[in-house]
Colleague: 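Questions regarding the structure given below will be posed in turn.
Residue numbers count from 1 along this sequence.
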Amino acid sequence: MARDPFRAAAARVRRLRIRRAGGAPVAPPRPFARALGLVTVVLFGAWLGLLAVGSVRTTVGPMDTTMTLRPSLSGGTKINVSPLGALELDSHRAPVRLDVDVDRLDPVRSEALVQHPERLSGLEDEVTGDVAAGTRELALRSCVAVVSGATALGLAVYRRPRRALAAGGLALTLLAASGVSAYATWNPKSVLEPRFSGLLSSAPSVVGDARSIVTDFDVYQRELARLVTNVTKLYDATSTLPVYSPDPATLRVLHVSDIHLNPAAWHIIGSLVEQYDIDVIIDSGDTMDHGAAVENSFLDPVSDLGAPYVWVRGNHDSATTQKYLEHAERFKNVHVLDEGRAVNVGGLRVAGMGDPEFTPDRTGPEQAEDAERTAGLRLAAALRDQQRAGTPVDIAVTHEPAAARETDGTVPLVLAGHVHHRQNEVMRLGTRLKVEGSTGGGGLRAVQNKKPEQVLASVLYLDRSTRRLQAWDEITLGGLGLTTAEVSRHLPEEKPALPTPLPTAPTASR
């Protein structure tokens, strides 16, 4: 009787497995382990393929760029503008990130654009077309790279054409799923809220002006051109950085807090005032550390900051500190606010309340909530009086967030500090509370720590006619103020705003 060929083949496989295992029977691979192995081969092969050929060089306006797809858990887009820094956009959610490296700017075309600004009006359509063409080419090349890499590695590992083709097919499926995910989560407004990291002096020009971003261009197409325009200006043929030209319809407020006797803060504030052409500086307190008279000379650089300086007392600032800053002859640009006093400064009406507590040695109750709330209620009463008098306040300032919360519904925006980290929320009655971190990096005491605190400040953009907040930049520097910075642009949520206040009295001159 003829022997069954299938049984014979199965017997040979069993004998082969027994010989390889030294006589012990070997169980066949589990389906889960085989699938996991195939996925690993596909992912590694696709990554190798992208590294090898998954990029394209393309012209975007006057720039020569390299576009690359990279594996990423968070997705998004990163625009590298060497040597100035990088812009990160939360453009999509998918396991791939788009990297755009600005390699070179054509000197002839860039010089023509800088010398003839009227040509920038047609740049937006050109840029959008260039990016679309580059993206299509990149998508096609990435498909070829991913499938080729996965197939080649599958053939090398499994030595079977069928398994290699399965790896290539799975790679194409995963790439298609990533593309669908990117398309479904595409966020064109991400270009309105870029995150910049790089040279602090370059941040205003690269990120751009808030009013122009919000009102002058369409959401995606024109904003993309805006970024390219800013980079074009920065890469002028003469390699000189232009002067930042903010929109004249935008007011710029620099919010600082909790300097805590760190002298490096004055240089940082002065640099921000110059780079952003700041209209008003608002300090929400704790400028000092112990509030002693011997510390008063630390405040002398305030008079040379180049902008009006609005200040409220923190719990580390004494009455002696406040009296020193109130010296009109010494500090002509300083406005000390307390007990709800309001001033017109830099196009805004600002009112403030000093901290009722003085605890420089950090003794006493850890949270003097009753005193803070009482101070906040007094400030809220003063704000209502201003409203009834026809001189409504645009910004209120306290040191403690607990006091600031009591002003909800009486003012569009209230600023505070004290806690050494940022907070931002729209309270129940519509007032936005913005708490700033430490512009002094925690002060000189932070030097004792293993890692100093970050230096934090914010630039607030307000409409000059309505005095409503349009956007803000959160500026973060390394501990004690390094020369590099991260700047994150934020837009307020679209929620019903408080009624537009009546026109204010004539503003004080800068």
Colleague: Looking at CZ of Arg57 and OG1 of Thr66, how far apart are the two atoms once the value is rounded to the nearest 0.5 Å?
Modeller: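 Nearest 0.5 Å value for the CZ-OG1 distance: 4.5 Å.
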
Colleague: Does Arg405 use its side chain to pair, donor to acceptor, with the backbone of Gly376 at less than 3.5 Å?
Modeller: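 No; zero donor-acceptor contacts below 3.5 Å.
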
Colleague: Heavy atoms only: give me the nearest His92-Val96 pair and the separation to one decimal.
Modeller: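 For His92 and Val96, the tightest heavy-atom pair comes out as NE2-O, 2.9 Å.
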
Colleague: For the residue pair Arg93 and Ser74, establish whether any side-chain heavy-atom pair is separated by less than 4.5 Å.
Modeller: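 Arg93 reaches Ser74 side chain to side chain.
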
Colleague: To the nearest 0.5 Å, tell me how far Asp300 CG sits from Leu325 CG.
Modeller: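 Between atom CG of Asp300 and atom CG of Leu325 there are 9.5 Å.
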
Colleague: Only one of Ile395, Leu460, Val414 clears side-chain contact (heavy atoms from CB on, under 4.5 Å) with Lys434; which?
Modeller: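 Exactly one candidate clears the test, Leu460.
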
Colleague: For Thr398 and Leu379, what are the C-alpha separation, side-chain angles and deciding distance, and is it a side chain to side chain contact (heavy atoms under 4.5 Å, CB included)?
Modeller: CA-CA 9 Å; Thr398 70; Leu379 176 57; 3.3 Å; yes

Colleague: Could you check Tyr276 against Leu254 for side chain to side chain contact (heavy atoms under 4.5 Å, CB included), going step by step and ending with a plain yes or no?
Modeller: CA-CA 9 Å; Tyr276 284 85; Leu254 176 62; over 6 Å; no

Colleague: Between His290 and His260, is the ring centroid distance below 6.0 Å?
Modeller: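 Here the rings of His260 and His290 have centres that are no less than 6.0 Å from each other.
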
Colleague: Among residues at least two apart in sequence or on other chains, which ones pass side chain to side chain contact (heavy atoms under 4.5 Å, CB included) with Asp338?
Modeller: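 Testing Asp338 for side chain to side chain contact (heavy atoms under 4.5 Å, CB included), a comparison that skips the adjacent residues, returns Arg313, Gln322, Met353.
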
Colleague: Where do Val294 and Ser297 come nearest, in terms of heavy atoms and distance?
Modeller: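 Scanning both residues, the minimum pair turns out to be O-OG, 4.2 Å.
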
Colleague: Minimum heavy-atom separation for Gly352 and Val312, please, with both atom names.
Modeller: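 Scanning both residues completely, I find the closest heavy atoms to be CA-CG1, 4.0 Å.
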
Colleague: Quick one, Asp99 with Lys78, criterion salt bridge (charged side-chain N to carboxylate O under 4.0 Å, His left out). Give me CA distance, side-chain angles, the key distance, then yes/no.
Modeller: CA-CA 5 Å; Asp99 285 355; Lys78 186 174 183 179; over 6 Å; no

Colleague: Determine, step by step, whether Glu436 and Ser458 satisfy the side-chain hydrogen bond (donor to acceptor under 3.5 Å, both in side chains) criterion, reporting the C-alpha distance in whole Å, the side-chain angles of both residues, the deciding distance to 0.1 Å, and the verdict.
Modeller: CA-CA 7 Å; Glu436 189 53 79; Ser458 295; 2.5 Å; yes

Colleague: Does atom NE2 of His421 have more than 12 heavy-atom neighbours, drawn from other residues, nucleotides or ligands, at distances under 6.0 Å?
Modeller: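 Enclosed.
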
Colleague: Does some side-chain heavy atom of Val334 sit less than 4.5 Å from a side-chain heavy atom of Leu299?
Modeller: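 In short, these two side chains do not touch, never coming nearer than 4.5 Å.
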
Colleague: Can you tell me how far the CD1 atom of Ile475 sits from the CG atom of Leu456, to the nearest 0.5 Å?
Modeller: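 If we round to the nearest 0.5 Å, Ile475:CD1 and Leu456:CG are 10.0 Å apart.
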
Colleague: Out of curiosity, Leu348 CG to Leu251 CG, how far, rounded to the nearest 0.5 Å?
Modeller: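 Going from CG on Leu348 over to CG on Leu251, the span is 5.0 Å.
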
Colleague: Listed by chain and number, what are the side chain to side chain contact (heavy atoms under 4.5 Å, CB included) partners of Arg373, not counting sequence neighbours?
Modeller: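 So Arg373 forms a side chain to side chain contact (heavy atoms under 4.5 Å, CB included) with Glu369, Glu406.
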
Colleague: Check whether any side-chain heavy atom of Thr439 lies under 4.5 Å from a side-chain heavy atom of Asp258, and answer yes or no.
Modeller: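 Thr439 does not reach Asp258 side chain to side chain.
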
Colleague: Return the set of residues passing side chain to side chain donor-acceptor pair (under 3.5 Å) with Ser257 (not counting sequence neighbours), or none when no residue passes.
Modeller: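 Partners of Ser257 by the side chain to side chain donor-acceptor pair (under 3.5 Å) criterion, ordered by chain and then number, come out as Ser284.
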
Colleague: Of the non-hydrogen atoms in Pro301 and Trp266, which two are nearest, and what is the gap between them?
Modeller: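 Closest approach of Pro301 to Trp266, heavy atoms only: CG-CD1, 3.7 Å.
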
Colleague: Can Asp370 and Thr374 be counted as having a side-chain donor-acceptor contact under 3.5 angstrom?
Modeller: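 Result is no, nothing qualifies.
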
Colleague: Looking only at non-hydrogen atoms, find the nearest pair between Thr410 and Ala380 and report the distance.
Modeller: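 Heavy-atom minimum between the residues: CG2-O, 4.1 Å.
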
Colleague: So Val350 and Leu337, side chain to side chain contact (heavy atoms under 4.5 Å, CB included) or not? Walk me through it.
Modeller: CA-CA 9 Å; Val350 186; Leu337 303 183; 3.9 Å; yes

Colleague: Charged N to carboxylate O under 4.0 angstrom, Arg349 versus Asp394?
Modeller: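 A salt bridge is absent here (no side-chain N lies under 4.0 Å from a carboxylate O).
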
Colleague: Run the salt-bridge test on Glu425 and Arg432 with the 4.0 Å N-O cut-off and return the result as yes or no.
Modeller: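 Judged by the 4.0 Å cut-off on N to carboxylate O distance, Glu425 and Arg432 do not form a salt bridge.
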
Colleague: Do Leu261 and Ile259 have side chains that get closer than 4.5 Å, going by heavy atoms?
Modeller: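 SC-SC contact between Leu261 and Ile259 ruled out.
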
Colleague: Taking NZ, NE, NH1 and NH2 as the nitrogens, is one of them in Asp463 or Arg468 under 4.0 Å from a carboxylate oxygen of the other?
Modeller: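 No salt bridge links Asp463 with Arg468.
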
Colleague: Got Val253 and Asp279 here, is their nearest side-chain heavy-atom distance under 4.5 Å?
Modeller: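 No. Closest side-chain heavy atoms not under 4.5 Å.
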
Colleague: How long is the straight-line distance from CE of Met288 back to CG of Asn315, given to the nearest 0.5 Å?
Modeller: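 With rounding to 0.5 Å, CG (Asn315) is 13.5 Å from CE (Met288).
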
Colleague: How far apart are the C-alpha atoms of Leu383 and Asp385, what are their side-chain angles, what is the distance that settles it, and do they pass the side chain to side chain contact (heavy atoms under 4.5 Å, CB included) test?
Modeller: CA-CA 5 Å; Leu383 295 173; Asp385 290 342; over 6 Å; no

Colleague: Can you tell if the side chain of Val459 reaches within under 4.5 Å of the side chain of Ile278, non-hydrogen atoms only?
Modeller: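 The answer is yes; the side chains approach within 4.5 Å.
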
Colleague: Spell out, as yes or no, whether a donor-acceptor pair under 3.5 Å connects the side chain of Glu295 to the backbone of Gly291.
Modeller: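 Such a contact is found between Glu295 side chain and Gly291 backbone.
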
Colleague: If you look at every heavy atom in Thr287 and Trp311, which pair is closest and at what distance?
Modeller: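 Shortest heavy-atom contact: OG1-NE1, 2.8 Å.
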
Colleague: When you compare the side chains of Thr391 and Gln386, does any donor N or O come within less than 3.5 Å of an acceptor on the partner?
Modeller: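 Checked: Thr391/Gln386 side chains pair up, N/O donor to acceptor below 3.5 Å.
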
Colleague: Taking Leu462's backbone N and O only, do any of them form a donor-acceptor pair with Arg464's side chain (distance below 3.5 Å, no angle check)?
Modeller: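 Absent.
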
Colleague: Could you tell me whether the side chain of Asp101 reaches within less than 4.5 Å of the side chain of Thr65, counting heavy atoms only?
Modeller: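 The answer is no, as the side chains (C-beta and beyond) never meet within the 4.5 Å cut-off.
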
Colleague: Does any non-hydrogen side-chain atom of Val411 lie less than 4.5 Å from one of Gln387?
Modeller: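 In short, these two side chains do not touch, never coming nearer than 4.5 Å.
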
Colleague: Say you draw a straight line from CG of Asn262 to NE2 of His267; how long is it, rounded to the nearest 0.5 Å?
Modeller: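 Reported value, rounded in 0.5 Å steps: 12.0 Å.
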
Colleague: Answer yes if the side chains of His316 and His399 hold a donor-acceptor pair under 3.5 Å, and no otherwise.
Modeller: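 Looking only at side-chain atoms, His399 and His316 do not form any donor-acceptor pair under 3.5 Å.
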
Colleague: Check the side chains of Tyr324 and Asp317 for a donor-acceptor pair under 3.5 angstrom, ignoring hydrogens and angles.
Modeller: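 Side-chain D/A pair, Asp317 to Tyr324: absent.
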
Colleague: Using a 3.5 Å distance criterion without hydrogens, assess whether the side chain of Arg252 forms a donor-acceptor pair with backbone atoms of Thr250.
Modeller: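 Side chain of Arg252 to backbone of Thr250, a donor-acceptor pair under 3.5 Å: yes, one is there.
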
Colleague: Can you confirm whether the side chains of Thr321 and Ser318 place a donor and an acceptor under 3.5 Å from each other?
Modeller: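 Yes, Ser318 and Thr321 have a side-chain donor paired with an acceptor closer than 3.5 Å.
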
Colleague: Is Arg341 reaching over with its side chain to a backbone N or O of Ala351, donor-acceptor style, under 3.5 angstrom?
Modeller: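 No; zero donor-acceptor contacts below 3.5 Å.
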
Colleague: Using distance alone, with no hydrogens and no angle criterion, decide if Gln454 and Thr476 have a side-chain donor and acceptor under 3.5 Å apart.
Modeller: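 Per modelled atom types, Gln454 and Thr476 side chains form no pair under 3.5 Å.
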
